[in-house]
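All values below were derived from every heavy atom in this structure, side-chain atoms included, with hydrogens, water molecules and symmetry-related copies excluded. Index from 1, following the sequence.
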Amino acid sequence: MKTLGKHLQDKSLYALSFCSDLLLTPDDTLLLSVEGYGDDKKPRNKALFQHRFPHHNLSVEAVWPGLFVDKAGDYWDVPLSMSVDLATVASDSGASYRVCVHHNSGAPERLDSGQSEGIPAGLLPGLAVKGAICFRKNIDLWRSNAPKLKMVQPFDIFLSNPHVSASGIIGAAMTACFGEGAARSQIEDDDPQGFRGFSLQAPAVKSAFLADAFASASFSAQHGNFQRLFLDLTRFHARLDFPSGAKFLSGATHLAEDYFNSQKPNLEAIQDICPNATLSLQQQIAGPFSFRVDSRVAVELRNQNWNVRVDEPIFALEYALQVLGSAKAVAWYSPKHQEGMIELRFYET
């Protein structure tokens, strides 16, 4: 209890936020917000304008200071961050694209005093123009046609259809950056061995152009209609991400050469073709209560003791608000960051 009392006395746990969402026209909204913190940090301000076109969404955002998290899970403050984003309306299948212009101003600062490998290149002052195009395909492998219980409303209408489905995404991304961030590619932050896609750099004018392909595949399965009081919901979701097509192709080529030359496979090549995996499992406990765990799983062949690494597991207890159709209260905890939160979420699948 003393430890809990000390944590509750920590001023950094408390914040006060004011937010206003203005409907300017049926297709235009303006969001203004300011957050103040108990530990006397500078307040965070945000302005977001959104416009809906018939087939696109436009967002113009400015935050000062902006809060960002890097690959290692460390938090950074950027004095001023502005972006203009144009994207096609999301669809279950088909082609889509996105174009974003992002500008950072000021020197980024890490929130805590821990050790860091350096400032992520994507947060350094400068201008970046990013574009991506992809094609998505969803496939229903099986979907239950069994009737639901009559006169019994599911605890969550979005979790009431047993199914087995898969989806795949393949696409390409391009980045043109100008300023301090161009001197060190932000993709190099994710791959210490260097960027292997197409790249052009002009250090004299602090500019660079990068392009690469990416792919993703996911699988999901659900058992139960989430209507009964016990064991009527079990959900599993797995996603495999291949962030660099050039890296994957390079590794596959080296492995093919080793095979045809009857040589021992190179561990670095095998590591290059291994995707980043994300796993999620949800199980009903009783009634509207369910337990959920989400985690990233990485293969580390360089580690001789244990080749599988679990990254940032998150444990959550969910309470479905049946009266709202699809809403839930979620209490989650992250052991890695030693932080948790209680949230109210709507229409989350």
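In this structure, Arg292 CZ and Gln284 CD are separated by 15.0 Å, a value rounded to the nearest 0.5 Å. How far CZ of Arg296 is from CD of Glu312: 4.5 Å, rounded to the nearest 0.5 Å. For the atom pair Phe49 CZ and Asp28 CG, the distance stands at 4.0 Å (nearest 0.5 Å).
Judged by distance alone, with hydrogens and angles left aside, the side-chain atoms of Asn266 form a donor-acceptor pair with the main-chain N or O of Ala269 at under 3.5 Å. Gln322 places a side-chain N or O within 3.5 Å of a backbone atom of Gln153 that can act as its donor or acceptor partner. Between the Glu318 side chain and the Lys328 main chain, no donor and acceptor come within less than 3.5 Å of each other. The backbone N or O of Leu86 lies less than 3.5 Å from no partner atom in the side chain of His56, so there is not a single donor-acceptor pair. Although no hydrogens or angles enter the test, the distance criterion places no donor-acceptor pair under 3.5 Å between the side chain of Glu109 and the main chain of Val78. With Arg52 contributing its side chain and Pro26 its backbone, the two residues share a donor-acceptor pair below 3.5 Å. Under a 3.5 Å cut-off, the side chain of Ser33 and the backbone N or O of Phe18 do not form any donor-acceptor pair. A donor-acceptor distance shorter than 3.5 angstrom exists from the side chain of Asn104 to the backbone of Gly122, with no hydrogens or angles considered. Judged purely by atom type and a 3.5 angstrom limit, Thr253 uses its side chain to pair as donor or acceptor with the backbone of Leu249.
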> Step by step, would you call Val84 with Leu58 a side-chain contact (heavy atoms from CB on, under 4.5 Å)?
Replying inline: CA-CA 7 Å; Val84 179; Leu58 173 68; 4.1 Å; yes

>> Applying side-chain contact (heavy atoms from CB on, under 4.5 Å) to Phe291 and Leu281, what does each step give before you reach the verdict?
In response: CA-CA 8 Å; Phe291 176 77; Leu281 178 65; over 6 Å; no

>> I'd like to know whether Arg98 forms a salt bridge (Lys or Arg N to Asp or Glu O under 4.0 Å) with Asp85, so could you lay out the CA-CA distance, the side-chain angles of the two residues, the decisive distance to 0.1 Å, and finally the verdict.
In response: CA-CA 7 Å; Arg98 183 175 182 179; Asp85 194 310; 2.5 Å; yes

>> Using the rule given for side-chain contact (heavy atoms from CB on, under 4.5 Å), can you reason through Val297 versus Arg309, listing the C-alpha separation, both sets of side-chain angles and the distance that settles it, and then say yes or no?
In response: CA-CA 6 Å; Val297 179; Arg309 186 182 76 247; over 6 Å; no

> Would Asp77 and Arg44 satisfy salt bridge (Lys or Arg N to Asp or Glu O under 4.0 Å), going step by step from the backbone distance to the final call?
Replying inline: CA-CA 10 Å; Asp77 259 341; Arg44 300 189 185 279; 2.5 Å; yes

>> Assess the residue pair Leu317 and Ile285 against the criterion (side-chain contact (heavy atoms from CB on, under 4.5 Å)); give the C-alpha distance rounded to whole Å, side-chain angles, the decisive distance to 0.1 Å, and a yes or no.
In response: CA-CA 10 Å; Leu317 183 65; Ile285 302 174; 3.7 Å; yes

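Other residues, nucleotides and ligands contribute at most 12 non-hydrogen atoms within 6.0 Å of the CG atom of Asn145. Around CD of Glu339, the count of heavy atoms belonging to other residues, nucleotides or ligands within 6.0 Å exceeds 12. Open room surrounds CD1 on Ile342; 12 or fewer heavy atoms of other groups in view lie less than 6.0 Å from it. Annotation for Lys336: atom NZ counts as buried by contact number, over 12 foreign heavy atoms lying within 6.0 Å. Heavy-atom neighbours of Tyr347 OH from other residues, nucleotides or ligands within 6.0 Å: at or below the threshold of 12. Within a 6.0 Å radius of CZ in Phe260, other residues, nucleotides and ligands contribute 12 heavy atoms or fewer.
In this structure, His102 and Phe68 have perpendicular ring planes: the angle between them is above 60°, well past the 30° mark.
A 4.5 Å side-chain heavy-atom check between Leu159 and Pro154 finds every atom pair outside the cut-off. Here the side chains of Ser216 and Arg239 are in contact, with some heavy-atom distance below 4.5 Å. Contact check for Thr29 versus Leu22: no side-chain heavy atoms found under the 4.5 Å cut-off. In this structure, the side chains of Asp294 and Leu279 stay at 4.5 Å or more apart for every pair of heavy atoms.
Ion pair Lys264/Asp258 not flagged as a salt bridge, since none of the NZ, NE, NH1 or NH2 atoms sits closer than 4.0 Å to an Asp/Glu carboxylate oxygen.
Ring centroid separation for the pair His254 and Tyr259 does not come in under the 6.0 Å cut-off. Ring to ring, Phe248 and Phe242 are close: their centroids are under 6.0 angstrom apart. Here His55 and Phe53 keep their ring centres 6.0 angstrom or further from each other.
For His337 and Tyr75, the side-chain atoms include no donor-acceptor pair closer than 3.5 Å. In the model, Ser290 has a side-chain atom that pairs as donor or acceptor with a side-chain atom of Gln282 under 3.5 Å.
Residues Leu324 and Phe158 are members of one and the same hydrophobic cluster, defined by side-chain heavy-atom contacts under 4.5 angstrom among Ile, Leu, Val, Met, Phe, Trp and Tyr.
Applying the side chain to side chain donor-acceptor pair (under 3.5 Å) test to residues at least two apart or on different chains, the pairs with a partner in residues 156-165 are Lys148-Asn161, Asp156-Ser326, Ser165-Ser220.
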